[in-house]
Amino acid sequence: MLVEWDWRTVEFGDVHAGAAGVLIGGGEPGPVYFDAGSGPNVPSTTRWTAYDGRARRPRAEALRAVCACGWRGAAEYPLDWATVGDRPLYEADVDLAGPLADWTAHLSVVRDKAVPLPEPLAALLGEVTGQLTATAVATPLAALCAVGMLERVAARVGREAAGAVGDDGVSAEAVATALGTTRSKARVLLLTAQDRNQGW
């Protein structure tokens with residue numbers, strides 16, 4: 001199934017990617033499948049614009065905010081099919097401000113529970129981002145070189161930090177909350193630290 005997320009942040013990446021989710025009969029429908037002719041692979045999607053009632057596809061009744069972490073917005077935003085008419089949803093001027101605002105509020109809750117970055121480090125990361133972006137335009141190879149160095153530094157420091165957290169006995173759930181990530185990803189971090197302590 002193809003999940004197409006509408007919104008992402010650099011801060012949380014794919015862990016908290018957001019989208020407008022579809023409601024039919026008060027629940028989330030399964031994916032929409034497209035007839036691509038004969039063959040074993042049938043393309044599918046859960047993107048809200050696919051639920052337009054055309055070609056035997058189900059028709060969305062309302063939208064709500066959804067997040068890759070599993071969170072679902074409480075507010076429902078009914079689709080005005082009288083206004084949409086016979087147009088495909090992707091051509092209709094559907095207002096997604098409500099779901100987007102709900103997802104943004106969800107991220108604020110996640111952010112408030114997460115460990116804050118020290119201000120000097122946050123400022124430095126912002127400056128590095130700006131420098132890398134400018135370098136990617138001016139001298140792309142230099143930008144790639146810098147990115148490679150940063151990846152290696154981040155991997156080494158990440159293992160060291162995860163090792164320190166593991167040594168302190170911090171639970172995967174506490175790590176997940178502090179980093180604004182999922183418990184499964186937090187467990188991977190702690191297992192990485194365990195591998196490091198065993199000479200990985």
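With values rounded to the nearest 0.5 angstrom, Leu96 atom CG is found 5.5 Å from Trp7 atom CH2. Taking NE2 from His16 and CH2 from Trp103, the interatomic distance works out to 10.0 Å, rounded to the nearest 0.5 Å. Residue Glu76 holds its CD atom at 11.0 Å from CG of Asp102, rounded to the nearest 0.5 Å. Note that CG of Leu23 is 6.5 Å distant from CD of Glu28, once rounded to the nearest 0.5 Å. Between atom CG of residue Leu63 and atom CG of residue Asp95 there is a gap of 10.0 Å, rounded to the nearest 0.5 Å. A distance of 10.0 Å separates SG of Cys69 from CZ of Phe12, quoted to the nearest 0.5 Å.
Looking at Thr181, its side chain never comes within 3.5 Å of a backbone N or O of Thr177 through a donor-acceptor pair. The closest donor-acceptor contact from the side chain of Glu61 to the backbone of Pro78 lies at 3.5 Å or more, if one exists at all. The closest donor-acceptor contact from the side chain of Arg87 to the backbone of Val84 lies under 3.5 Å.
Contact record, Leu121 with Leu117: CD2-CD2, 4.1 Å, taken as the closest heavy-atom pair. In this structure, Val175 and Ala186 approach most closely via the heavy-atom pair CG1-CB, 3.8 Å. Considering every non-hydrogen atom in both His106 and Cys67, the closest pair reads NE2-SG, 3.6 Å. The heavy-atom pair separating Ala60 from Val22 by the smallest distance is CB-CG1, 3.5 Å. Considering all non-hydrogen atoms of both residues, Ala50 and Thr45 come closest at CB-CG2, 3.7 Å. When every heavy atom of Tyr51 is checked against every heavy atom of Pro29, the shortest pair comes out as CE2-CG, 3.5 Å.
With hydrophobic clusters built from ILVMFWY side chains whose heavy atoms lie under 4.5 angstrom apart, Leu100 shares a cluster with Val110. Hydrophobic clustering keeps Leu107 apart from Val15 (ILVMFWY residues linked when any side-chain heavy atoms are closer than 4.5 Å, directly or through intermediates). Hydrophobic clustering (side-chain heavy atoms under 4.5 Å, transitive across Ile, Leu, Val, Met, Phe, Trp, Tyr) keeps Val94 apart from Tyr90.
With a 6.0 Å radius and a threshold of 12 heavy atoms from other residues, nucleotides or ligands, Leu141 has its CG atom at or below the threshold. Taking a 6.0 Å sphere around CG of Asp168, one finds it holds more than 12 heavy atoms contributed by other residues, nucleotides or ligands. Annotation: Glu173, atom CD; neighbour count of heavy atoms from other residues, nucleotides and ligands within 6.0 Å does not exceed 12. Within 6.0 Å of CG on Asp112 lie more than 12 heavy atoms contributed by other residues, nucleotides or ligands.
Note on Asp52 versus Arg57: salt bridge recorded, some NZ/NE/NH1/NH2 to OD/OE distance being below 4.0 Å. Salt-bridge check for Asp6 with Arg47: passed, with a basic side-chain N closer than 4.0 Å to an acidic carboxylate O.
Proximity of Leu89 to Trp81: side-chain heavy atoms (C-beta onward) are separated by under 4.5 Å at one or more points. A 4.5 Å side-chain heavy-atom check between Leu132 and Leu150 finds at least one atom pair inside the cut-off. Annotation: side chain of Pro88 is not in contact with side chain of Thr49 (no heavy-atom distance under 4.5 Å).
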(request) Decide yes or no on side chain to side chain contact (heavy atoms under 4.5 Å, CB included) for Trp5 and Val66, but give the supporting numbers first. (result) CA-CA 9 Å; Trp5 300 105; Val66 300; 3.9 Å; yes
(message) Would Arg8 and Asp14 count as a salt bridge (Lys or Arg N to Asp or Glu O under 4.0 Å) here? Give the steps.
(response) CA-CA 7 Å; Arg8 283 183 176 81; Asp14 290 340; 2.6 Å; yes
